[in-house]
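Below is one structure, written out as structure tokens, with a few remarks after it.
None of the values given here were measured: they were computed from a predicted structure.
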Amino acid sequence: MSEIDNTEITVVMVSREKFSQTQASVESLLTNTKMPFKFIYMDSKSPASIAKWLREKLEGRPDTTLLRYEYFLGINHSRNIALEQVTTKYVAIVENDVYFHPGWLEELYRCAEEEQADVVSPLINIGGPESTVIHLAGGETYLKDAPTGERYFHHISYFEDEEVADIHSQLKRQPHTGIQLHCFMARTATLKALSKFNNAEVEATGTQELCFSLQRLGAKIFFEPASVVLYLWGKDAPLKLYDLPYWYLMWSEKWNHYQLRVAGNKYKVNKNWGGSRTELWWFGYHRRVPFFPLIEANRKLFKAIKLPFVGFLIEKAFEKVEVAFSYLFVEFLIQTNRSKQLMCPSIFQPYPKPWFKNSEEAETPQVEAKLETSSPTK
């Protein structure tokens, strides 16, 4: 492997869903990355205490750019702004709730150079910094046509929830079709050839869209298990109260449902996918993470008094109330200046018409216009 020059790689860090893990993420990046890299941090209206810490931590660091915005940016909007400034051969795009293990960037670089790969994805674990539970070890993402004639999104994360020690011998460098947006490294020219990320997309559909775009380009995607990072999640990475506005925006019921329909129309997948109960339940389940201690306490209480069914009914009622609250809270947020740049749809904005089999609905000017108007705004 050739000598690594400090102009070879830029690391771009964006805010995924919360701010409370920013310090742990940045500290691990700076401590555990020994090779030189340029650094762009996209500060999307983080709380004042975190903004202050970032300024003090990054002040004076060579080849470092801290871009602070006094309103929330969507994840893709942040990626687009940062990518415009990248001039290095490679760019690693990471999220601010990722913990980096020693050698993570060196191994991604090594794989890209040795395999002449366009995109390289690391082994991604989940939990606290010491967790060895796998979140993603490569995967598959592509459109698949069922024997019934219906088309659907095929997405599999290999070895999800497995312990690394249990399947270590099966973790090998190899080409894959799926990556996760938590962390990946790409040739800058490859990403710029894709044009811009779609600012209207949510994280759930953005993963598939990036994979499809790379596949259309004929990009070479590799998984490199020697590079290890971790998605900070669970009891060891709890949310703070100040996380909730951004958290609720990123997991907006309306925004996620809306984009599922847009993606369904664009790729002519099963007409019901945009309204899938499974998908919408998952969004709500993820969003209700801050309330898990309350939910668990409810279960224990009614189990102790031998009325578990009553506890179940209360839990389901709470879920309905939380969904209604989420719509109202997000609507309030998107009407304020701090959310003026987000493309989160209002509750008053109608959903795109669903695509129906044997129709031309997905190709009508109305649907195409919705896709075209999701260009970046500054």
Side-chain angles (χ1 to χ4, degrees), residues 74-80 83 93 118-119 139-157 176-181 184 186 190-219 221 249-283 341-347 349-377:
I75 307 170
N76 276 352
H77 196 170
S78 292
R79 292 178 180 124
N80 282 329
L83 194 56
I93 300 184
D118 294 291
V119 181
E140 303 172 9
T141 301
Y142 51 84
L143 289 165
K144 190 171 184 178
D145 294 312
T148 58
E150 292 180 331
R151 171 176 288 185
Y152 62 94
F153 292 125
H154 175 80
H155 179 72
I156 295 177
S157 297
H176 283 191
T177 60
I179 63 172
Q180 268 283 3
L181 295 175
F184 67 93
T190 298
L191 285 191
K192 291 190 175 183
L194 299 178
S195 189
K196 293 182 177 179
F197 291 94
N198 184 345
N199 287 355
E201 282 174 352
V202 288
E203 191 84 338
T205 58
T207 297
Q208 284 88 348
E209 184 61 48
L210 177 59
C211 291
F212 298 156
S213 297
L214 290 169
Q215 290 163 20
R216 287 195 297 269
L217 192 66
I221 305 172
L249 284 164
M250 293 302 103
W251 295 105
S252 157
E253 195 99 351
K254 180 67 182 263
W255 197 356
N256 282 275
H257 193 178
Y258 191 97
Q259 283 306 121
L260 287 175
R261 288 203 180 193
V262 169
N265 285 350
K266 182 178 180 181
Y267 292 103
K268 299 185 179 180
V269 300
N270 181 345
K271 64 184 180 184
N272 294 321
W273 189 72
S276 165
R277 288 179 178 271
T278 300
E279 295 289 343
L280 290 178
W281 174 87
W282 187 88
F283 293 136
Q341 294 290 330
L342 286 178
M343 301 191 72
C344 180
S346 165
I347 57 176
Q349 186 172 343
Y351 288 113
K353 293 180 180 179
W355 172 73
F356 291 94
K357 190 176 179 181
N358 299 323
S359 82
E360 299 300 318
E361 185 65 39
E363 299 180 44
T364 62
Q366 180 182 13
V367 174
E368 288 300 318
K370 288 183 182 297
L371 297 172
E372 288 169 8
T373 55
S374 23
S375 57
T377 56

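- Of the inter-residue distances, the one linking K266 atom NZ with N198 atom CG reads 7.0 Å to the nearest 0.5 angstrom.
- From S157, atom OG reaches atom CD1 of I179 across 11.5 Å, with rounding to the nearest 0.5 Å.
- Taking the six-membered ring where the residue is Trp, W251 and F283 present tilted rings, their angle falling between 30° and 60°.
- Under the 3.5 Å distance criterion, the side-chain polar atoms of K254 are left unmatched by any main-chain donor or acceptor of C344.
- A heavy-atom distance below 4.5 Å is found between the side chains of E140 and H154.
- V269 approaches F153 most closely through the heavy-atom pair CG1-CZ, 3.7 Å.
- Using modelled atom types, one finds a donor on one side chain and an acceptor on the other under 3.5 Å when comparing Y258 with Q349.
- Note that CD of E209 and OH of Y267 are 3.0 Å apart. Values are rounded to the nearest 0.5 Å.
- The CG atom of L210 lies 9.5 Å from the CD atom of Q215; values are rounded to the nearest 0.5 Å.
- Atom CZ of residue F197 and atom NE2 of residue H77 lie 13.0 Å apart, to the nearest 0.5 angstrom.
- At distances below 3.5 Å, at least one donor-acceptor pair connects side-chain atoms of N265 with backbone N or O atoms of K353.
- A side-chain hydrogen bond (donor to acceptor under 3.5 Å, both in side chains) with H155 holds for exactly one of T177, T207, T141; it is T141.
- Nearest heavy atom pair, residue W255 against residue M343, reads NE1-O, 3.7 Å.
- How far CG of N256 is from CD of E201: 11.5 Å, rounded to the nearest 0.5 Å.
- Side chains of L181 and R79 form a contact here, defined as non-hydrogen atoms less than 4.5 Å apart.
- Between T205 and A263, the closest heavy-atom pair is CG2-CB, 4.5 Å.
- In this structure, S213 and L194 approach most closely via the heavy-atom pair O-CD2, 3.6 Å.
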(request) Step by step, work out the side chain to side chain contact (heavy atoms under 4.5 Å, CB included) result for I93 and L191. (result) CA-CA 11 Å; I93 300 184; L191 285 191; 3.7 Å; yes
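- Annotation: side chain of L342 is in contact with side chain of M250 (closest heavy-atom distance under 4.5 Å).
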